[in-house]
Visitor: 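Before I ask anything, let me first share the structure, which is written out below as structure tokens.
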Amino acid sequence: VTGTEWPAYQVFKQDRADAPHENVGTVHAPDAEMALMNARDVFVRRPECISLWVAPESDITSRTAEELNAGLLQPPAPAGVGESYQVFKKVHQRGSHVHAGTMQAVSAVEALRRAREAFADPPGLVWWVVPERSLARTERGDTPELFEGARDKLYRDQAFYFPDMLLRQLRKEQSATRGMPRGRKGGV
Amino acid sequence: MKAGTDWALSDAVLGLADDEMILAQRISEWTGHAPILEEDIAFANLALDELGHAQLWYGLVADLRQEHREEYPDRLVFQRPPADYRNVQLVELPCGDWAFTMLRQYLFDALERVRLKALVKGGEARLRPVAAKIEREEAYHLRHTSAWVLRLGLGTEESRRRMQSALVAIWPYTGQLFGALPGEEPEKALPAAIPLREEWEDLVLPHLAAAGLEIRLESAPVSAGRDLHTSHLEPLLNEMQQVARLAPEAKW
């Protein structure tokens with residue numbers, strides 16, 4: 001970070017009401033509201049989406065299972081009610097972080113430790129916790145503006161278009177109107 | 001003229017279509033050049049949305065003139081000279097800097113908000129469903145550009161200065177936005193054309209003020225009809241029509 005770059009936000013997208021939020025990537029933005037809009041523009045143009053969360057990358061505490069096993073999380077248990085954390089875990093090496101649940105804890109590290117016990121199955125390879133207060137979410141009222149536009153849009157893969165074929169056709173027509181190329185004159 | 005052809009109404013719709021088309025072509029110049037990758041994607045999408053809206057309106061023009069729904073819009077877009085375009089001058093102005101682009105887009109999106117709302121409510125029956133379809137996407141555009149205007153206006157000294165000079169340069173062109181649509185019976189297309197300016201000002205003036213920007217009219221407002229264009233439209237069309245002119249009868 002050079003100091004002029006905007007901070008990175010991790011983006012979590014929910015496709016259906018019965019599916020958890022899942023990490024889809026990052027966006028850069030000057031603030032949470034713009035991060036939500038950038039997330040919408042980058043990740044929700046075509047597919048289904050009913051909700052987005054964004055969290056500044058710097059507010060996410062991340063630990064691998066190895067780090068947790070090595071006992072890197074042995075904090076003195078501080079007193080107090082703490083705050084609410086959202087927990088995400090990655091279960092497969094090539095998967096993404098999926099929302100596992102909410103955990104009340106006095107620190108991020110404590111939330112991680114407790115989350116690992118509470119959401120043990122299936123075992124997580126990499127764990128993320130983020131304080132609830134760092135998370136910005138779209139609201140139900142945002143749905144028409146942010147998500148419904150994409151719904152009836154036809155998604156066209158690039159294979160839908162045939163530029164090569166069209167260009168060849170065009171050249172053929174042009175050479176037909178200008179007379180056949182010299183080499184093929186009279187042939188057939 | 002074919003029986004049942006509604007020229008008077010189709011001319012008015014052509015104005016709506018040309019606004020969207022020329023703006024789409026103009027702002028697509030940012031593709032690959034926007035300040036950050038995320039905005040590059042967002043803004044290219046926005047240009048594509050405007051192009052889609054143009055397509056909807058041109059389709060209606062074709063219907064009203066009993067022309068082919070696919071081929072006729074292509075002819076309108078790729079074979080008309082500048083003098084036959086019926087867009088407002090605001091949309092043909094060069095992109096300038098990011099502040100100019102964003103402010104122009106915001107003011108146009110706000111125009112779309114009030115114009116489409118009026119069309120959905122009291123527009124000619126055949127215009128209403130098209131307006132309703134476009135309105136939904138435009139709601140997001142306005143949200144996006146409103147947010148940018150606020151942040152650029154309240155951002156750094158440089159962004160504020162650029163926004164303020166963009167506002168001074170753009171404001172006279174807003175005079176043309178609320179003139180009658182082209183054609184003989186624009187009031188049939190959009191009966192409430194005139195009071196729209198007040199509604200638009202109620203929307204944009206508080207927002208511009210909140211962004212720390214000040215309206216200063218330093219040149220005469222543009223009040224020309226939609227048949228008069230700036231010198232910027234011709235080079236835009238030259239580029240847009242370049243390929244079509246090479247092979248006017250090509251089928252795509």
Side-chain angles (χ1 to χ4, degrees), chain A residues 4-9 11 24-46 49 52 54 136 138-139 141-156 161-178, chain B residues 30-31 34-53 55-56 74 98 102 106 109 112-113 116 129 132-156 158-159 243-252:
Chain A
T4 57
E5 262 175 41
W6 288 340
Y9 287 77
V11 179
V24 286
T26 60
V27 290
H28 292 84
D31 51 61
E33 190 194 345
M34 292 300 282
L36 279 174
M37 275 199 263
N38 288 348
R40 180 265 190 197
D41 286 315
V42 174
F43 298 110
V44 197
R45 181 73 179 166
R46 289 290 185 274
C49 174
L52 284 173
V54 293
T138 56
E139 288 161 20
D142 292 321
T143 302
E145 277 183 21
L146 293 181
F147 305 137
E148 279 179 5
R151 204 143 288 173
D152 51 0
K153 277 220 169 77
L154 188 62
Y155 177 79
R156 282 178 179 153
Y161 301 96
F162 307 100
D164 290 0
M165 215 177 75
L166 288 168
L167 276 173
R168 243 177 276 132
Q169 178 84 14
L170 185 59
R171 283 205 196 98
K172 215 167 112 190
E173 280 169 17
Q174 278 191 331
S175 61
T177 51
R178 286 178 197 155
Chain B
W30 279 105
T31 307
I36 59 156
L37 177 63
E38 288 82 344
E39 188 57 28
D40 200 291
I41 295 169
F43 217 62
N45 280 338
L46 205 135
L48 273 176
D49 285 347
E50 307 291 26
L51 186 65
H53 302 166
Q55 208 165 16
L56 288 169
D74 274 357
W98 186 245
M102 200 41 91
Y106 165 70
D109 290 343
E112 291 255 85
R113 153 84 44 109
L116 291 167
K133 201 170 168 159
I134 297 175
E135 198 182 23
R136 198 172 55 179
E137 268 179 354
E138 283 298 334
Y140 177 71
H141 291 188
L142 187 61
R143 178 175 175 151
H144 186 94
T145 51
S146 302
W148 265 100
V149 164
L150 213 52
R151 282 157 182 77
L152 289 172
L154 304 174
T156 63
E158 184 185 358
S159 72
V243 176
R245 287 177 194 175
L246 285 174
E249 300 306 321
K251 294 264 180 290
W252 294 90

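A note on names: the letters A, B, ... follow the listed sequences, proteins ahead of strands, and every chain is numbered from 1.
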Visitor: Name all residues meeting the side chain to side chain contact (heavy atoms under 4.5 Å, CB included) criterion together with A:E139; count only those two or more places apart in sequence or in a different chain, and write none if there are none.
Guide: A:D142
Visitor: In residues 148-155 of chain B, which residues are in contact with chain A at a heavy-atom separation under 4.5 Å?
Guide: B:W148, B:R151
Visitor: For a quick test of reading the model, state the closest non-hydrogen atom pair linking B:A34 to B:E39 and the distance between them.
Guide: CB-C, 4.0 Å
Visitor: Which pair of heavy atoms, one from A:L52 and one from A:L36, lies closest together, and at what distance?
Guide: O-CD2, 3.8 Å
Visitor: How close do B:E50 and B:H141 get, heavy atom to heavy atom, and via which atoms?
Guide: OE2-ND1, 3.6 Å
Visitor: For B:E138, check salt bridge (Lys or Arg N to Asp or Glu O under 4.0 Å) against everything at least two apart and list the hits.
Guide: none
Visitor: Among residues at least two apart in sequence or on other chains, which ones pass side-chain hydrogen bond (donor to acceptor under 3.5 Å, both in side chains) with B:E135?
Guide: none
